[in-house]
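Structure record follows, encoded as C-alpha cells.
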Amino acid sequence: MKLKLSGHFNAIYYCLANFPKRIELSVTAEFFQCRNINIGNNCHIGKQSILRGGDAAPHTLYIGNRVVIRENVYLSARKGIINIGDDCYLANRAWLGGRGRINIGANVVIGPNTVIVSSNRDYRNLIAPYHKMPEISGVINIGEFTWIGGNSTILPNVSIGSGCVIGAGSVVTKDVPDNTVCYGAPAEPIKVIERC
C-alpha cells in the first residue's frame with residue numbers, strides 16, 4: 001500500500017525536510033510532487049498558495065533565494081519547467097503554468113491576478129472539443145528588474161527584456177526590448193526608460 005499525503009501535509013513535510021533554508025510557510029499552502037520542487041533560502045510562501053512540481057524530471061519548479069509568494073498564488077510545473085530568480089515578488093492570485101518553460105530573472109515583481117501561461121491549445125484540430133485539443137508548448141523569458149502590473153497576461157513564446165514595465169491589464173503577445181514601458185491589449189511599446 002502506498003501512502004498519499006494531502007497537499008497540506010506535503011507542505012509541512014517539505015518545510016521540515018528543508019528546515020535549514022528558513023522557509024516561511026503558511027500551513028494552508030499546498031505542495032504536490034515535492035521531489036520536483038526546489039526552493040531557495042529565506043523564501044516566504046503565503047496562505048492557500050499551491051506549488052506543483054513536475055510529474056517527472058526534467059519538469060521542475062525552481063524558486064530562488066528570498067522570493068516572496070503571496071496568498072493564493074498558483075505555480076504549476078506539472079508538464080513544464082518554471083525557473084524563478086532570486087529576490088522576486090509574486091503578488092496575490094498570480095497564476096504561472098503550462099506545458100512549456102517559464103524563465104524569470106532576479107528582482108522581478110509580478111502584480112496581482114497576473115497570468116503567465118507557457119502553452120496553448122492547437123485550435124486548428126476541429127475534430128476534438130477545445131479542452132481535449134493537444135497543447136502546443138512554448139517558452140517565456142522575463143528579464144531581471146522587470147515589473148509586470150496587475151491583471152496582465154503573458155502568452156507563450158514571448159521574451160520580455162530586463163528593466164521593463166508592463167502596464168496593468170496588458171496582454172503581452174510579442175517580444176519587449178530592454179528598458180521599455182509597454183501597455184495595452186495587445187501590449188505596445190509606449191516609451192524607453194532612461195536609466196540613471
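In this structure, NE2 on H44 lies 9.0 Å from CD1 on I69, to the nearest 0.5 angstrom. Residue I104 holds its CD1 atom at 4.5 Å from CD1 of I142, rounded to the nearest 0.5 Å. Between the CZ atom in F145 and the CD1 atom in I193 there is a gap of 13.0 Å [rounded to 0.5 Å]. Atom CZ of R78 and atom CG of L61 lie 14.5 Å apart (nearest 0.5 Å). Distance check, rounded to the nearest 0.5 Å: CD1 of I160 to OG1 of T146 gives 7.0 Å. With rounding to the nearest 0.5 Å, the separation of CD1 in I154 from CD1 in I140 is 7.0 Å.
Both I84 and V158 are part of a single hydrophobic cluster, where members link through side-chain heavy atoms under 4.5 Å apart. By the criterion of side-chain heavy atoms lying less than 4.5 angstrom apart, applied directly or through intervening Ile, Leu, Val, Met, Phe, Trp or Tyr residues, V73 is grouped together with L25 in one hydrophobic cluster. The cluster map of Ile, Leu, Val, Met, Phe, Trp and Tyr, joined by side-chain heavy atoms under 4.5 Å apart, puts V181 and W147 in the same cluster.
Side-chain contact between I23 and N42: absent, with no pair of heavy atoms (C-beta onward) separated by less than 4.5 Å. L75 places a side-chain heavy atom less than 4.5 Å from the side chain of L90. Put simply, the side chain of V117 reaches to within 4.5 Å of the side chain of W95, judged on heavy atoms.
The side-chain contact (heavy atoms from CB on, under 4.5 Å) search around I50 returns E30, F32, Y74, not counting sequence neighbours. Residues meeting the side-chain contact (heavy atoms from CB on, under 4.5 Å) test with N113, sequence neighbours left out: R93, N151. Partners of N120 by side-chain hydrogen bond (donor to acceptor under 3.5 Å, both in side chains), not counting sequence neighbours: none found.
Side-chain atoms of S152 do not come within 3.5 Å of backbone N or O of T114 as any donor-acceptor pair. With D175 contributing its side chain and S159 its backbone, the two residues share a donor-acceptor pair below 3.5 Å. Between the side chain of S119 and the main chain of G98, no donor-acceptor pair closer than 3.5 Å is present. Not one N or O on the side chain of T180 forms a donor-acceptor pair closer than 3.5 Å with the backbone of C164. Without hydrogens or angle criteria, T173 side chain to P186 main chain gives no donor-acceptor distance under 3.5 Å. Judged purely by atom type and a 3.5 angstrom limit, D86 uses its side chain to pair as donor or acceptor with the backbone of N65. A donor-acceptor pair is defined here as one N or O able to donate and one able to accept, closer than 3.5 Å; such a pair exists between the side chain of S118 and the backbone of G100.
Taking all atoms of both residues into account, the shortest heavy-atom contact from A91 to G111 is CB-C, 3.6 Å. Residues Q48 and N72 come closest through the heavy atom pair OE1-ND2, 3.4 Å. Nearest heavy-atom pair across G46 and A29 is O-CB, 3.9 Å. In this structure, S76 and I82 approach most closely via the heavy-atom pair O-CD1, 3.4 Å. The two residues S170 and I166 make their nearest non-hydrogen contact at CB-CG2, 3.7 Å. When every heavy atom of G167 is checked against every heavy atom of Y183, the shortest pair comes out as CA-CD1, 3.7 Å.
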*Could you walk me through whether C43 and I63 pass the side-chain contact (heavy atoms from CB on, under 4.5 Å) test, one step at a time?*
CA-CA 9 Å; C43 291; I63 298 172; 4.2 Å; yes
*Give the C-alpha distance, both sets of side-chain angles, the deciding distance and a yes or no for side-chain contact (heavy atoms from CB on, under 4.5 Å) between V67 and I39.*
CA-CA 9 Å; V67 172; I39 300 177; over 6 Å; no
_Set out, in order, the CA-CA distance, both residues' side-chain angles and the distance that settles side-chain contact (heavy atoms from CB on, under 4.5 Å) for I37 and T60, then state yes or no._
CA-CA 6 Å; I37 299 174; T60 309; over 6 Å; no
*asked:* Run R99 and E135 through salt bridge (Lys or Arg N to Asp or Glu O under 4.0 Å) and show every step you take.
replied: CA-CA 7 Å; R99 293 179 180 241; E135 282 191 79; 2.5 Å; yes
*Would you check, one step at a time, whether the test side-chain contact (heavy atoms from CB on, under 4.5 Å) holds for D55 with N36?*
CA-CA 8 Å; D55 294 335; N36 292 321; over 6 Å; no
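A side-chain donor from one of N103 and N83 sits under 3.5 Å from a side-chain acceptor of the other.
For the side-chain contact (heavy atoms from CB on, under 4.5 Å) with R70, the lone residue among N92, I110, I45 that qualifies is N92.
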